[in-house]
Protein chains: 2
Amino acid sequence: MTIDPEARTPPYLQLAALIRQQIADGTIPVGRRIPSMHELETTHGLARNTIAKALRVLKDEGIIEPETGRGLFVVRVPDNETPADP
Amino acid sequence: MTIDPEARTPPYLQLAALIRQQIADGTIPVGRRIPSMHELETTHGLARNTIAKALRVLKDEGIIEPETGRGLFVVRVPDNETPADP
DNA sequence: CATCATTTGTCCGTATGTATC
DNA sequence: TGATACATACGGACAAATGAT
């Protein structure tokens, strides 16, 4: 899955959803580190602040926990990974 | 003092006047940092560009000076803090 | 102990697109 | 039409913590 800058949902929310689902389906297990902001920048072609904004969403959801100088770690599996469009 | 979106003077000028006076009355002394744009955003409920516009005014007046990656610093006390509506 | 690379977080400045008055 | 404001995004730079050397 890739980020589409033209989509209605902004890239930072697309990225948040993407990571959220990778955690939900076990691609990134609890306790492990997710890719660094720099890695996310280059692999998705987004600016630093955009990455930070996406991670802020996941952090506010209590899914990831940042540790300065170490990385971002998964602390919980999301409750509703895909709200499913009704 | 708060920003009133309904007032005749636009919010960006209200904010500029507010900060200008805080510097004038010593609330924010010369040499110190003023609240970051992000802080101003959240505390006043204004958008990024509106904050930037207000700070642009103060910068043009030579009251504040930006330092990249660090913040905005007070460099001078305004001459006429309250121009008094005629 | 010092130095450096890595990592997260934050900072300002600016640009684009949209909406309102 | 123009001024204003919002949401989003990008870019370059600074700061502090961490870990390896």
Side-chain angles (χ1 to χ4, degrees), chain A residues 1-20 22-23 28 30-76, chain B residues 1-20 22-23 28 30-76:
Chain A
M1 195 241 189
T2 56
I3 306 294
D4 178 14
E6 310 299 327
R8 272 198 328 286
T9 56
Y12 83 94
L13 287 181
Q14 291 183 52
L15 177 59
L18 173 59
I19 299 174
R20 191 186 299 112
Q22 288 180 338
I23 296 173
I28 308 176
V30 171
R32 247 199 41 184
R33 222 199 60 160
I34 71 174
S36 73
M37 297 180 74
H38 180 62
E39 284 175 300
L40 293 173
E41 277 181 68
T42 55
T43 61
H44 294 103
L46 297 174
R48 180 158 197 83
N49 288 344
T50 305
I51 303 292
K53 198 167 183 177
L55 296 176
R56 172 71 172 273
V57 172
L58 300 176
K59 180 190 169 187
D60 288 350
E61 291 173 356
I63 294 174
I64 65 173
E65 201 65 52
E67 290 185 33
T68 311
R70 309 214 323 115
L72 301 138
F73 296 86
V74 180
V75 293
R76 189 174 66 78
Chain B
M1 197 243 189
T2 56
I3 307 294
D4 178 15
E6 309 301 325
R8 273 198 327 286
T9 55
Y12 84 94
L13 287 180
Q14 292 182 51
L15 178 58
L18 173 59
I19 299 175
R20 192 186 297 113
Q22 288 181 337
I23 297 173
I28 308 177
V30 171
R32 249 199 38 186
R33 221 199 58 158
I34 71 174
S36 72
M37 297 181 75
H38 179 62
E39 284 174 301
L40 293 173
E41 277 182 66
T42 56
T43 62
H44 294 104
L46 297 174
R48 189 67 196 267
N49 290 347
T50 305
I51 303 291
K53 200 167 183 177
L55 297 176
R56 172 69 175 271
V57 172
L58 300 177
K59 182 189 170 188
D60 288 349
E61 290 172 356
I63 294 175
I64 63 174
E65 203 62 52
E67 291 187 32
T68 312
R70 311 211 325 113
L72 299 138
F73 295 84
V74 180
V75 292
R76 187 174 69 78

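No hydrogens, no waters, no symmetry mates; every other heavy atom, side chains included, goes into these values. Each chain gets a letter, A, B and so on, in the order the sequences are listed, and its residues count up from 1.
- Close to D/dA5, at under 4.0 Å from its OP1 or OP2, lies no side-chain N or O of B/Tyr12.
- Under 3.5 Å, the side chain of A/Asn49 and the base of D/dT8 form no donor-acceptor pair of N or O atoms.
- Taking 4.0 angstrom as the limit, B/Ser36 places a side-chain polar atom (N or O) nearer than this to OP1 or OP2 of C/dC11.
- Annotation for A/Arg33: atom CZ counts as buried by contact number, over 12 foreign heavy atoms lying within 6.0 Å.
- Rounded to a whole Å, the CG atom of B/Leu46 is 17 Å from the C1' atom of D/dT8.
- Atom-to-atom, CG of A/Leu13 to P of D/dA7 comes out at 13 Å; the value is rounded to the nearest Å.
- Applying the side-chain contact (heavy atoms from CB on, under 4.5 Å) test between A/Ile64 and each of A/Val57, A/Val75, A/Leu55 identifies A/Leu55 as the sole match.
- Remark: P of C/dC11 and CD1 of A/Ile51 are 19 Å apart, rounded to the nearest angstrom.
- Under 4.0 angstrom from either OP1 or OP2 of D/dT4 there lies no side-chain N or O belonging to B/Thr50.
- Under 3.5 Å, the side chain of A/Arg48 and the base of C/dG9 form at least one donor-acceptor pair of N or O atoms.
- Distance from the side chain of A/Ala47 is smallest for D/dG11 among the nucleotides C/dG9, D/dG11, C/dC12.
- Between the CD1 atom of B/Ile23 and the CD atom of B/Glu61 there is a distance of 9.5 Å, given to the nearest 0.5 Å.
- B/Leu55 comes within contact range of no nucleotide atom at all, as no heavy-atom separation falls under 4.0 Å.
- For A/Glu67 and D/dA16, the CD to C1' distance is 15 Å, given to the nearest whole Å.
- For A/Arg70, a side-chain nitrogen or oxygen approaches OP1 or OP2 of D/dG19 to under 4.0 Å.
- Sequence order on DNA chain D of the closest nucleotides to A/Thr9 and A/Gly69 puts A/Thr9 first from the 5' end.
- Atom CZ in A/Arg33 sits roughly 13 Å away from atom C1' in D/dG19 (whole-Å rounding).
- Spacing between atom CZ of A/Arg8 and atom P of D/dT8 amounts to 14 Å, rounded to whole angstrom units.
- Side-chain contact between A/Ile34 and A/Val74 is present, with at least one heavy-atom pair separated by less than 4.5 Å.
- Judged by Watson-Crick or G-U wobble contacts below 3.5 Å, the nucleotide C/dT18 has D/dA5 as its partner.
- At whole-Å resolution of the value, CD1 in A/Ile64 and C1' in C/dT8 are 11 Å apart.
- The separation between B/His38 atom NE2 and D/dC14 atom P is 21 Å, rounded to whole Å.
- The side chain of B/Lys59 lies closest to C/dG13 when the candidates are C/dT7, C/dG13, C/dC11.
- In this structure, B/Ile28 and B/Pro35 have side chains that are in contact, with non-hydrogen atoms separated by less than 4.5 Å.
- At least one donor-acceptor pair closer than 3.5 Å links the side chain of B/Gln14 to the backbone N or O of B/Asp4.
- Counting heavy atoms of neighbouring residues, nucleotides and ligands inside a 6.0 Å radius, atom CZ of B/Arg76 exceeds 12 of them.
- Counting only heavy atoms from C-beta outward, the side chains of A/Leu72 and A/Met37 approach each other to under 4.5 Å.
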Detail all sub-3.5 Å separations between protein N/O atoms and N/O atoms belonging to nucleotides 1-3 of chain C.
none

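- Nearest-nucleotide positions on DNA chain D place A/Lys53 closer to the 5' end than the other of A/Thr68 and A/Lys53.
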